[in-house]
Amino acid sequence: MKKIVILLLIASAFSCKNAQSVASKDNSDPTKYVKLISEKDLKKMLYTVASDEMQGRETGSPGQKKAGLYMIEQYKKSGVSFPKGASDYYQHIPASYLNARRNQNLPDSENIWAYIEGSEKPDEVLVISAHYDHVGIKDGEVYNGADDDGSGTVAVIEMAKAFAKAKKQGHGPKRSILFLHVTGEEHGLHGSRFYSENPLFPIANTISDINIDMIGRRDVEHANTNNYVYVIGADRLSSDLHNAVVAQNEKYIKMDLDFKFNDPADPNHFYERSDHYNFAKHGIPAIFFFNGVHEDYHGKGDEPQKIEYDALTKRTKLAFVLAWELANRENRPVVDEPIK
């Protein structure tokens with residue numbers, strides 16, 4: 001009996017020590033893991049995603065499906081699975097939904113999702129989104145959409161790889177992260193709208209959306225530098241989200257944050273023109289990273305050799321440190337502004 005008591009005490013002491021060790025994991029500093037965001041890997045992936053082989057990634061096309069398979073392959077290599085509650089990496093969207101608002105004879109398509117479960121607050125979910133469709137082939141020319149939105153597509157995959165490495169080393173995110181590649185953006189934000197209306201995880205548990213759409217080039221207003229990014233939407237619902245991106249940028253990245261297009265009076269209305277908007281409509285704080293429009297926007301010249309990979313890497317790092325903060329902080333971003 002005495003031996004049993006001693007063994008129980010030892011086991012209890014070990015259990016308490018282990019629990020303390022788990023509880024004491026410090027995720028306050030993302031520096032080690034943001035360094036894993038690799039310019040070389042981003043470039044390699046983008047040259048594949050935006051290659052002629054993918055035929056311009058038109059919604060529901062064989063080329064888009066081929067690009068999707070390549071993306072899933074990258075997630076599998078990084079050890080990032082499809083979400084809990086899903087049967088695979090696809091959220092299938094029927095043609096009837098894609099054509100309901102204005103019939104463009106789109107075939108069935110699919111969102112692609114991957115997932116890392118949180119260690120402490122797994123039911124709270126951060127979404128990181130980018131659309132992976134583009135406009136396909138026109139007059140025999142392949143429109144490869146390297147910036148729009150091949151850049152965002154590979155950024156999301158690269159961020160997932162860094163988070164997976166952190167989890168493997170005992171520093172996984174405290175909240176869950178859904179890496180969401182949406183289809184049908186070019187035809188009216190259909191994929192993100194479908195997810196927001198048919199969420200895998202409750203909308204009420206979705207703490208924020210970080211949306212990345214075109215972060216690989218520069219516009220004419222920044223002809224002399226690519227050390228900038230447009231930040232759109234963060235304070236439309238949450239001053240807390242706005243303050244978080246400003247603080248993380250100042251602490252780790254030091255890029256110029258341009259809020260020009262965040263003005264509700266801006267005639268371009270970019271806030272309503274990318275996939276974050278379908279989250280914001282449901283009261284989810286959302287932020288949109290964007291490099292602005294350039295001469296190849298929706299043109300056949302949007303090719304991977306024109307991407308400024310240093311800028312793509314730095315902007316991806318900014319999105320990563322913001323995601324790290326939101327996934328690990330004590331409280332989710334506070335909604336303190338009305339839905340607009």
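Note that the structure is a prediction, hence the values are computed from the model and not measured.
For the 3.5 Å distance criterion, the side chains of Asp147 and Ser151 qualify, holding a donor opposite an acceptor. With 3.5 Å as the limit, one finds a donor-acceptor pair spanning the side chains of His298 and Asp148. Asp133 and Gln64 are not linked by any side-chain donor-acceptor pair at a separation below 3.5 angstrom, with hydrogens and angles left out of the test. Looking at Asn211 and Ser129, their side chains do bring a donor and an acceptor atom within 3.5 Å of each other. For Glu124 and Asn205, the side-chain atoms include no donor-acceptor pair closer than 3.5 Å. Side-chain contact of His190 with Tyr195: a donor-acceptor pair under 3.5 Å is absent, judged by distance alone. Thr225 and Asn227 share no side-chain donor-acceptor pair at under 3.5 Å. No side-chain donor-acceptor contact under 3.5 Å links Gln55 and Lys66. Between the side chains of Glu58 and His187, at least one donor N or O sits under 3.5 Å from an acceptor N or O. Judged by distance alone, the side chains of Glu197 and His282 never bring a donor and an acceptor atom under 3.5 Å apart. No hydrogens or angles considered: nothing links the side chains of Thr183 and Asn111 as a donor-acceptor pair under 3.5 Å. For the residue pair Asn99 / Asn105, no side-chain donor-acceptor distance below 3.5 Å is found, with atom types taken as modelled.
Between Glu39 and Lys43 no salt bridge is recorded (no basic side-chain N to carboxylate O distance below 4.0 Å). Between Glu221 and Lys260 there is a salt bridge, since a side-chain N of the basic residue sits under 4.0 Å from a carboxylate O of the acidic one. Under 4.0 Å is where a charged nitrogen must lie from a carboxylate oxygen, and between Lys161 and Glu158 at least one such pair does. With respect to Arg332 and Asp240, no salt bridge is recorded, no charged nitrogen being found less than 4.0 Å from a carboxylate O.
Rounding to the nearest 0.5 angstrom, the gap separating the CE atom in Met54 from the CG atom in Asn144 is 10.0 Å. With rounding to the nearest 0.5 Å, the separation of CD1 in Ile212 from OG1 in Thr153 is 9.5 Å. In this structure, CG on Asn291 lies 8.5 Å from CZ on Arg217, to the nearest 0.5 angstrom.
Taking the six-membered ring for Trp, Phe290 and His276 have ring centres at least 6.0 Å apart. Aromatic rings from Tyr230 and Phe289 are positioned such that their centres are separated by 6.0 Å or more. Phe194 and Tyr97 have their aromatic ring centers within a separation under 6.0 angstrom. Checked against a 6.0 Å centroid threshold, the rings of Phe261 and His269 do not count as neighbours. Under the 6.0 Å cut-off for aromatic ring centres, Trp324 and Tyr33 qualify, their centroids lying closer than that.
The backbone N or O of Asn27 lies less than 3.5 Å from no partner atom in the side chain of Lys174, so there is not a single donor-acceptor pair.
The closest side-chain heavy-atom distance from Met71 to Tyr89 is not below 4.5 Å. For the pair Phe163/Phe320, a side-chain contact is recorded, criterion being any heavy-atom separation below 4.5 Å from C-beta on. Counting only heavy atoms from C-beta outward, the side chains of Leu180 and Phe279 approach each other to under 4.5 Å. A heavy-atom distance below 4.5 Å is not found between the side chains of Ile210 and Val127.
Under a cut-off of 6.0 angstrom, the local environment of NZ in Lys306 is crowded, with over 12 non-hydrogen atoms contributed by other residues, nucleotides or ligands. More than 12 non-hydrogen atoms from other residues, nucleotides or ligands lie less than 6.0 angstrom from NZ of Lys121. Within a 6.0 Å sphere centred on CG of Asn103, other residues, nucleotides and ligands contribute more than 12 heavy atoms.
Hydrophobic cluster membership is shared by Ile203 and Trp113, with clusters built from Ile, Leu, Val, Met, Phe, Trp and Tyr side chains linked at under 4.5 angstrom.
Taking the centre and axis of the six-membered ring of Tyr132, the NZ or CZ atom of Arg57 falls outside the cone set by 45° and 6.0 Å. Tyr143 does not carry Lys300 over the face of its six-membered ring by the limits of under 6.0 Å from the centre and within 45° of the normal. Geometric assessment of Arg315 against the ring of Tyr228 yields a positive cation-pi assignment under the 6.0 Å and 45° thresholds.
Shortest non-hydrogen contact noted between Ser196 and Asn278 is CB-O, 3.4 Å. Of all non-hydrogen atoms in Asn249 and Met255, the two that sit nearest each other are ND2-O, 2.7 Å. Smallest separation of non-hydrogen atoms from Ala130 and Val156: CB-CG2, 3.8 Å. Tyr115 and Phe179 make their closest contact through N-CD1, 4.1 Å (heavy atoms, listed as atom of the first residue, atom of the second, distance).
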| request: Could you walk me through whether Phe270 and Phe288 pass the side chain to side chain contact (heavy atoms under 4.5 Å, CB included) test, one step at a time? | output: CA-CA 9 Å; Phe270 287 122; Phe288 170 25; 4.3 Å; yes
| request: Please step through side chain to side chain contact (heavy atoms under 4.5 Å, CB included) for the pair His242 and Val246, ending with a clear verdict. | output: CA-CA 6 Å; His242 171 86; Val246 171; 3.8 Å; yes
| What's the verdict on side chain to side chain contact (heavy atoms under 4.5 Å, CB included) for Tyr309 and Leu46, showing C-alpha distance, side-chain angles and the deciding distance? | CA-CA 10 Å; Tyr309 289 94; Leu46 188 50; 3.9 Å; yes
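Applying the side chain to side chain donor-acceptor pair (under 3.5 Å) criterion to Asp213, with sequence neighbours excluded, gives His131, Ser274.
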